[in-house]
Every structure is written in C-alpha cells, then in structure tokens.
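Each remark here refers to the structure printed beneath this line.
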Amino acid sequence: MSTTTEPSVRTATGPGLTTGTLVAGLLAVCLAQIGLAIPATLNGLFQSDLHPVGSQLTWISDAFLLPVAVLELTFGLLGDLFGRKRLLVGGAALLAVGEVVSASASGIHQLWAGQALAGLGAAALFPTSLAILAAGTTSPAQRARVIALWAALLSTGGFLAPLLGGVTATYGSWRWSFVVVTAVAAASASISARFTVNSSAPEGRSLDIAGQLTIGLGLFSLLYAIIQGPTDGWASTSIVIAFVLAAVFLAAFLLAEKRAKSPLLRLDLFRNPAFAVASAVAVVGMFAFLGTAYSVSIRLGPVQDQAPMRTGLAFVLLNGIALVILPLTERLLRTVTPSLLLSMGLLLIAAGDYWAATLPITDSAFTALILPLGLVGLGFAITVSSITATAVNTVPVRLAGMASATTNLLRDFGFTLGPAVIGAVALSRAASDFSTSLHDSPLPGALKGAGTAVLDEGGPLAVNGASAASPQLADLHPLALDALGHGYSIGFVVCGSAALFSALLALVTLRGRSASPDDSPGQ
C-alpha cells in the first residue's frame, strides 16, 4: 500500500467518523460473526463427507472460537499501539486465507487449520471494528448510535450465516459456503484499505506477553482435556496431563497479571463482588447458549441427517430474533434494571432448553423445534444485550472500558466452552448408553462385535452414520439413534440448568447493585 494514499492517523479524540470508516467497521464485524457462526450449520455435511471420529467434529467449532477467546484483548491492544486500520485489513485478509484453506480441505485436519486461521482474523476484527468506530465519534449520543449499529451488524452476521450455509450447501457444497465468506472477506479488506481513516491510542499501553502466553496455553490445555476426554478416556495419561497443565498455566496467568504493568485482565476488578458475579454469569450464560446451538446442529445434522437448510432455519431462530427485537432491547435497557433483564433472558433460555430436552430424537418435524428454539433465541437477544451493561454498572465509571473488555473476554470464553463441554457430556453418555443397549440386545454376536468395533474407532456418531448407510449394520441404527438422542437431551438439560443457575444468581446477588463514580473495585 502506498504511503502517499494512507489516510492520516488520528487519536480517539480526532475528527469525526467518516462514512468510509463506518461502512468498513460495520462490514468487518458482520464478516467476523458470519465466519464464527457458519461452521455449525454444516456439521452434518462434515460428518458425511470428511468422516470425523470421536471429538473431531467438536474441534471444528472450537478451532475458530479458541483464537477469538484467547486473543481478542491482545488484538485490541495491538490496534491501540500500532493503528486499527492495519488490523481491519489484516484481520479480513487472514480470515479470507483461512476460509480458502477450509474450502479446499481434503481432510479434517486441514479444516481445523483453516478455521484456526479464520478465527485469528476474527479475533482481530471483533475488537478493532468497535474501537475504530468509537474513536471517530464526537459525542456520547453519536457513540451510542454507532455502538447500536455495530451490535445490529453483529446480529446480522449471526442471522446471515445459517442462511448462507443452508443455501450454498443445498445447491452446491459445504465448500461453497467458505468460498462466499472468502469473497466477503476480500471485499471487507479492500474497503478497509481504501476508505478507513486510521486511529490509535498508544498512550500508557504495552504488551502483556507473559499473560498472553499463559492464558493461551492454559485455555488450550483445558479445552483439549474436555473435548478429548470422551475419546481418550478421562483417566488416560494425556487427559490427566492436560488438566494439570491447564491448572499450572492458569495459575501462572494470575501471577503474571498481578505483576504486569499493563495487564490483559485487571484482577482488582474481581474484588468487587458484584462484578465477579456478573462475570461468572457472563461465562455460564453464554456457555448455555452456544452449547444449545451446538446440540441443535448435531441433532439436525449428524444424528437425524436433515438437510442443511433445516439447520440454517434453526440458527435463524436462535440468532435472528436478536436483530428483530433490537429496538425493544435498547428500550428495555433504558427502563429496566440490567440485572433484572439479564435474569429474564436467562430464564427464557432455560425454559427453551428444558423443552427441547423432552423432544424425542425420532421426531424430525421442524415445527417441534420452533417454540423451544424461539424461547432460547429470545432469551439470548435479551441476555447478550444486558450482560455488558450489567457488568459495567457494577464498577466505577472510570473502569467501564476495562470492565466491558473483560466481560467480552469472559463471554467469548463461555462461547468456547459450549461446544466443548456439551460435546463431551453428550458423547460420553451416548457411548455408554449404546454399549449397554448393544450388550442387552438380542442381536447376533457378530453384529455386536462390529458395533463395538465402530464405537471404539469413531464413537457413537460414527456408529449412527455407518448403520444408516450400510444394510449390514442397519439393525444397529435404532440403538445408536436412541443413545445419541438421550446424550444430546442431557446436553440440553445441562445448558438449561446452567442458564437457570445464572438467572437465579443474577437475580439474588445483582438486584439493585450499581457502582458510583467514586467506588473502587475493592469496595
């Protein structure tokens, strides 16, 4: 890029927001959310085409989510230090490269690599798009409007992704979904490079390398142990070592943050009991939502083998309601206590999950899912709008920015835990139920042996797929289907219980809690 055409760099207090910067920032966050949401609509096709075994399907979602959760705060800092325009352009370009790698994947490992690269790009786009828009505003009213637009485009990405995945997979291939996202990413990078006015805010900011390394290694070790536990065995050496490493690295992260000059995470914020509770609610509540979305994608895709468009429509219910009722949620945030609103949203998620858990796995009618998923989607729309407001209201005004950034990190960590934990719970239970049912069944010994071999090699999803496709194994299919249905029903119950616990915790501990400008975190 020629330096003669580079827009002038401004600080957060510089000239007003240009139309080019506004368009570039909004397109960037929409792109990042599309990239995050689209793989879940394609799980059934991944299963039938790439034949992942055990926990490999779960890693497709978490390969994207892990970089976002771990690196979002660091990329926000890098934008402050070195200029946000570079990260908008570079993040979109990296996401495009990741989607090209994913679209050309010949196996599951290449797909993981592509999604990890795309997740790195999204980790840069999420914080940078908001920061560059906020930096251009010149009044609190304008900033509020811009943040509302940013949230609306975030919801739009979650709404468009399932439709894009369903249409391209139905009329082409799952690979075309990634090709379309690549095109959007290329357009985003080009618009950002051409029209964005750069900004930065380096004063008093520095990298926290020790904190970033320790939290990255700690979260990866923890997710590895959770995801691989059902496949490798919870008492296996590799899983035990992974849990130990997770504890060691996360403890090292806490020590590093206490000593860091410019920490990734302000630990003193958690001395405020209300903020600590709000943070826990953010993690558990968002775990409940994405765990629900993951359970739905597995139920409709690999288990029931329904068309991708069905999965896409389910995700429209889960994500699209947030966009439709955005004006209402903004009004509610102005008139209802955020913590009370947060509790209401989480109770709706819990109700939808408990309802979904009662649906028999043999019921493939989409109409059965409309009301329970509608409740979860409505609850998510209310919850995601009030989580940050609740957390920010519990700390002094001077710490509102750090509280918001910390809440975003914890929210995304909850998102990352969703597929990992629910996949582990559901697959472990399904494998146990299938083994028991197979042992007690009157099927011939040879067929029992074949079923056990497939289970040991690829897990219950592999048994379900193989028995549906092979006449020789067809008698195993009802057993596998029932086991998976029970496993993912328990997944819905776990998500509902997490949401219910979070709702009650918020209702009991956060009602009426707010921080005055003179409060300190320790008070």
Side-chain angles (χ1 to χ4, degrees), residues 43-44 46-48 50-59 226-236 239 291-292 294-306 310-311 353-366 368-369 372 419-497:
N43 275 328
F46 295 150
Q47 181 70 38
S48 61
L50 300 178
H51 309 294
V53 296
S55 58
Q56 289 182 339
L57 197 62
T58 305
W59 276 112
I226 293 172
I227 294 173
Q228 290 298 125
T231 301
D232 297 351
W234 294 105
S236 65
I239 300 304
T292 301
Y294 181 74
S295 294
V296 170
S297 74
I298 300 299
R299 174 190 172 96
L300 295 178
V303 178
Q304 292 185 335
D305 196 26
Q306 297 207 44
R310 284 282 185 93
T311 306
D353 273 318
Y354 287 138
W355 191 341
T358 66
L359 300 177
I361 195 62
T362 53
D363 185 355
S364 59
F366 185 74
L369 287 170
V421 173
I422 297 306
V425 169
L427 291 177
S428 292
R429 186 55 184 262
S432 175
D433 285 357
F434 178 78
S435 294
T436 301
S437 298
L438 185 65
H439 180 269
D440 295 340
S441 72
L443 295 175
L447 188 56
K448 288 184 177 182
T452 301
V454 176
L455 179 69
D456 292 342
E457 177 66 26
L461 284 172
V463 178
N464 185 67
S467 60
S470 172
Q472 290 81 11
L473 302 177
D475 288 339
L476 296 175
H477 188 63
L479 301 181
L481 185 66
D482 184 67
L484 286 165
H486 190 211
Y488 282 96
S489 289
I490 291 176
F492 284 123
V493 170
V494 171
C495 291
S497 299

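Quick caveat: nothing in here was measured; it's all calculated off a predicted structure.
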Search all heavy atoms of [X] against all heavy atoms of [Y] and return the closest pair with its distance.
X	Y	answer
Ala431	Pro460	N-CG, 4.0 Å
Ala424	Ile226	CB-O, 3.2 Å
Pro419	Thr58	O-CG2, 3.4 Å
Gln228	Trp59	OE1-NE1, 2.9 Å
His439	Lys448	O-NZ, 3.2 Å
Ala483	Asp433	CB-CB, 3.9 Å

From [atom1] ([X]) to [atom2] ([Y]), nearest 0.5 Å:
X	Y	atom1	atom2	value
Leu484	Ser489	CG	OG	10.5 Å
Leu479	Ser467	CG	OG	8.5 Å
Asp353	Thr358	CG	OG1	11.0 Å
Ile227	Asp232	CD1	CG	11.5 Å

[Y] side chain reached by [X] side chain, heavy atoms, under 4.5 Å:
X	Y	value
Leu476	Leu443	yes
Val296	Thr311	no
Arg299	Ile361	yes
His477	Leu473	no
Phe492	Pro372	no
Pro302	Asn464	no
Leu50	Gln56	no

Arg310 vs Leu369, side chain to side chain contact (heavy atoms under 4.5 Å, CB included): CA-CA, chis, key distance, verdict: CA-CA 11 Å; Arg310 284 282 185 93; Leu369 287 170; over 6 Å; no

Intermediate values then yes/no, side chain to side chain contact (heavy atoms under 4.5 Å, CB included), Ile298 and Leu461: CA-CA 9 Å; Ile298 300 299; Leu461 284 172; 4.2 Å; yes

Taking [X] for its side chain and [Y] for its backbone only, find out whether a donor-acceptor pair lies under 3.5 Å.
X	Y	result
Ser437	Phe434	no
Gln306	Ser364	yes
Ser297	Tyr294	yes
Gln304	Asp363	yes
Ser497	Val493	yes

Side chain to side chain contact (heavy atoms under 4.5 Å, CB included) between Val425 and Tyr488, intermediate numbers included: CA-CA 8 Å; Val425 169; Tyr488 282 96; over 6 Å; no

Evaluation steps, side chain to side chain contact (heavy atoms under 4.5 Å, CB included), between Leu57 and Asn43: CA-CA 7 Å; Leu57 197 62; Asn43 275 328; 3.7 Å; yes

